[in-house]
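Here is the structure we will look at.
Computed from a predicted structure; not experimentally measured. Each chain gets a letter, A, B and so on, in the order the sequences are listed, and its residues count up from 1.
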Amino acid sequence: MSDNTATGAEAAAGREVPTDFIREAIKEDLRSGRFDRVHTRFPPEPNAYLHIGHAKAVWIDYGIALEFGGLFNLRFDDTNPLKEEQEFVDAIIEDVRWLGADWGDRLFFASDYFEQMYDWAVDLIKKGKAYVCDLSAEEVSATRGTLTEPGIESPYRNRSVEENLDLFARMRAGEFADGSRTLRAKIDMASPNVLMRDPIMYRILHTSHHRQGDKWCIYPTYDWAHGLEDSIEGVTHSLCSQEYEIHRPLYDWFLDELGIYHPRQIEFARLNMTYTVMSKRRFIELVNGGHVSGYDDPRLPTLAGLRRRGVTPEAIRDFCQKIGVAKRDSLVDVAIFEDCVREDLNRRAPRAMAVLDPIKVVLTNYPEGQTEEMDLVNNPEDPSTGTRRVPFGRELYIEREDFREEPPPKYYRLAPGREVRLRSAYFIRCDEVVKDAEGNVVELRCTYDPATRGGNAPDGRKVKATIHWLNVPTAVPAEIRLYDHLFLKPDPDDVAPGQDFTANLNPESLRVVRGFVEPGLSHAPAGARYQFERVGYFCADPDTEPGTPVFNRTATLRDTWAKIEKRGAG
RNA sequence: UGCCGGAUAGCUCAAUUGGCAGAGCGGCUGACUCUGGAUCAGCAGGUUCUAGGUUCGAGCCCUAGUCCGGCAGCCA
């Protein structure tokens, strides 16, 4: 694909690519001859939207394939028609493509392997390694034993191969009701690993499948299906999250009993991040509870939400690389993610001026009716982006925060009698503060120094601060959505007894503000990203309309003054 | 409680496979600056979970224990 192969490019350029226990294991497999190539896969179930934890998995899978010159498949693990929908298939494809992973022509569906899986199940029955069990779900669970006690063998465990073959064929033919029978692997009801106690391979489900329609009424379970899918596709390294570690003996058992090509499963720790939640169930609760607007709410760590917020795939990839891969559980500080976002956007986002909370400034010595245009640098990080012209006049908006009637120590911005620079325009001095009946500051009357046009004083005098501004008649009203952490605590589950995680919801995770932006942004297309100078990174929302733009705050700028002031207050 | 896995700086990860414990982020300090942004420089003195053992030498190996996570869906 286009520019999203930096991981491979870095590897090719010999730049240092961080290693981890998985990459080391793969190198060892290549050295020992266990495998002579690398082939990975990302196997989502199409039953939910992807989140940044999935992005980590994608970048482990795809990144490793790239680094080792191997292949990467996108495969939908669609073995449960009760939960899966085409809508999710489409959304996941969009998300993975947006992330920048390239599966070439290898887009696969586990359901396309159902026939082969069925044949292999028949093989296992013939070997006496699988049997049709008539126990109900409750009975299966009751006879499974506990973590400390062995299970009890099913009374149907020793049916003849002929009877099993007949019953299994009739299961497929639709002769039996849902839940009335299952196909089980005959392993060991006394195994200390509960998953090995004759696990279910097929269940009867008279339900249409989003791709297979009504072709099947028996569906394979994850444990039975997953290794087969990997085997069929020739995957070498089946990388998954740690919850599957205990499933590995089963994964290996099926492949060994079948005697078919045997990929290696390796598990890594899933991603957790501070001030957010990372599970499908939690997302549903938040959406249904009206706490967020939908799965693409910019406060959610879903890929759709992050995209809407203005986060780039490159920032996500950089983040995945920085957090590394390990086996221990971890809680990643969201500050690391935000830092990746800033680093990326700082490089690429064009600058613009926006005033979120305006206060009017009148330049008393600026001729009435006069206007002019100032040249502003589009991106100091990238001179090739050139400059733009921004109208300037007698009446301006500046940020309310950029003025203090009684400036505290170390406050460098505008105050009565003080001089500051209007970015790329003029030095101005505040002469007079106009207030309303309640004593609120409504207007600042200032004088400008015509000799400082462009922002420099010929006499060499300095100002301590540069602030941003907007020309009142040409300022474009805009809706600006200021997002903050969704939760007040690093761990949303840190609640008093009897409360649930919603008790930690941040009531100010979204603040909508009516501000102004420079005229060039009145028709910003949805998805366009900017740095509003001295304020933060913003992205035009899909709700934006020509002439009345809507912007989402992607991230704030680091604000050292805020830190100084907070320290003073604390 | 049985089995599986984990434990290194506030956080996330390293440590050439047994050879003087490092990095990024955060935090703090300073420099610089037409974004108090960006950038640059400095600051971590860590019982490598604990206690034993092997060894000239242990974060790496062995033993016992502690704590944390996962597993008893016909979910994945």
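Under 3.5 Å, the side chains of A:Thr385 and A:Asn379 contain no donor-acceptor pair of N or O atoms. When only modelled atom types and interatomic distance are considered, A:Glu338 and A:His485 share a side-chain donor-acceptor pair under 3.5 Å.
Note on A:Glu245: only backbone sugar-phosphate atoms sit closer than 4.0 angstrom, heavy atoms only; bases stay farther off. Residue-level contact check: A:Arg144 touches the backbone only, with heavy atoms under 4.0 Å from sugar-phosphate atoms and none from bases. Nucleic acid contact class of A:Asn193 (heavy atoms, under 4.0 Å, all strands): none. Within 4.0 Å of A:Ile323, counting heavy atoms only, lie sugar-phosphate atoms of the nucleic acid but no base atom. Residue A:Val535 is classed as having no contact, given no heavy-atom separation below 4.0 Å to the nucleic acid. Using a 4.0 Å heavy-atom criterion, one finds that A:Tyr244 contacts the bases of the nucleic acid, with or without backbone contacts as well. Among the protein residues, A:His247 comes within range of the nucleic acid bases, having at least one heavy atom under 4.0 Å from a base atom. Using a 4.0 Å heavy-atom distance criterion, A:Asn456 is classed as a base contact. Looking at heavy-atom distances under 4.0 Å, A:Thr182 makes contact with a base. Across all strands, A:Pro220 comes closer than 4.0 Å only to sugar-phosphate atoms, never to a base (heavy-atom distances). A:Thr221 comes within 4.0 angstrom of sugar-phosphate atoms only, judged by non-hydrogen atoms across all strands, and of no base. Among the atoms of the strands shown, none is found under 4.0 Å from any heavy atom of A:Leu205. Using a 4.0 Å heavy-atom cutoff across all strands shown, A:Arg342 reaches no nucleic acid atom at all. Counting any heavy atom pair closer than 4.0 Å across all strands shown, A:Pro380 reaches a base atom.
Between the P atom of B:A76 and the CH2 atom of A:Trp224 lies a distance of 14 Å, rounded to the nearest Å. Summarising the geometry, the separation between NZ on A:Lys462 and P on B:C32 is reported as 11 Å, rounded to the nearest angstrom. Atom-to-atom, CD of A:Glu338 to P of B:G37 comes out at 17 Å; the value is rounded to the nearest Å. For the pair A:Arg281 CZ and B:C75 C1', the interatomic distance rounds to 14 Å; values are reported in whole Å. Separating the CG atom of A:Asp491 from the P atom of B:G69 is a distance of 11 Å, rounded to the nearest angstrom. The OH-C1' distance, from A:Tyr537 to B:U35, rounds to 10 Å in whole Å. Between A:Arg423 atom CZ and B:U33 atom P the separation is 15 Å, expressed in whole Å.
One finds a side-chain N or O of A:Arg558 lying less than 4.0 angstrom from the OP1 or OP2 phosphate oxygen of B:G26. Between A:Arg197 and the phosphate of B:C3, there is no side-chain N or O to OP1/OP2 separation shorter than 4.0 Å. Note on A:Thr148: every side-chain N or O is 4.0 Å or more away from OP1 and OP2 of B:C3. Using a 4.0 Å cut-off, no side-chain N or O of A:Arg203 falls inside it from OP1 or OP2 of B:G73. Side-chain N/O atoms of A:Arg23 include none lying less than 4.0 angstrom from OP1 or OP2 on B:A14. At B:G36, one or more side-chain N or O atoms of A:Arg534 fall inside 4.0 Å of OP1 or OP2 (strictly under the cut-off). Residue A:Thr79 has a polar side-chain atom (N or O) positioned under 4.0 Å from OP1 or OP2 of B:A76.
Straight-line distance between the C1' atoms of B:U33 and B:G37: roughly 10 Å, to the nearest whole Å. Across B:A38 and B:A31, the matching C1' atoms stand 14 Å from one another, rounded to whole Å. Taking atom C1' on both nucleotides, B:A41 is separated from B:C56 by 41 Å, rounded to a whole Å. Using C1' as the reference atom, B:G18 and B:C60 are 7 Å apart when rounded to the nearest Å. When the C1' atom is compared between B:C13 and B:U8, the two are found 10 Å apart, to the nearest whole Å. Going from the C1' atom of B:C61 to that of B:U54 covers 8 Å, rounded to whole Å. Only the P atoms considered, B:C4 is 46 Å distant from B:C43, to the nearest whole Å. Atom C1' of B:G42 sits at a distance of 23 Å from the matching atom of B:C20, rounded to the whole Å.
Against the 90° criterion about 0, the sugar-base torsion of B:U48 places it in the anti range. Its glycosidic angle being more than 90° from 0, B:G65 falls on the anti side.
Of the candidates B:G36, B:G26, B:G37, the closest approach to any side-chain atom of A:Ala335 belongs to B:G26. Comparing B:C74, B:G2, B:G36 against the side chain of A:Val194 picks out B:G2 as the nearest. You'll find that the side chain of A:Glu381 is closest to B:G37, out of B:A14, B:G36, B:G37. Among the nucleotides B:G36, B:A76, B:A38, the one closest to the side chain of A:Asn346 is B:A38. Nearest nucleotide to the side chain of A:Arg328, out of B:G2, B:G24, B:U8: B:U8.
Aromatic ring orientation, A:Phe532 versus A:Tyr530: parallel (interplanar angle below 30°, classes split at 30° and 60°).
A:Thr452 places a side-chain heavy atom less than 4.5 Å from the side chain of A:Arg461. Counting heavy atoms from C-beta outward, A:Phe392 and A:Leu422 have side chains that approach closer than 4.5 Å. A:Arg41 has its side chain out of reach of A:Glu229: every pair of non-hydrogen atoms, C-beta onward, lies at least 4.5 Å apart. A 4.5 Å side-chain heavy-atom check between A:Lys322 and A:Glu343 finds at least one atom pair inside the cut-off. A 4.5 Å side-chain heavy-atom check between A:Leu167 and A:Tyr156 finds every atom pair outside the cut-off.
With a cut-off of 3.5 Å on both pairing distances, the Watson-Crick or G-U wobble partner of B:G2 is B:C71.
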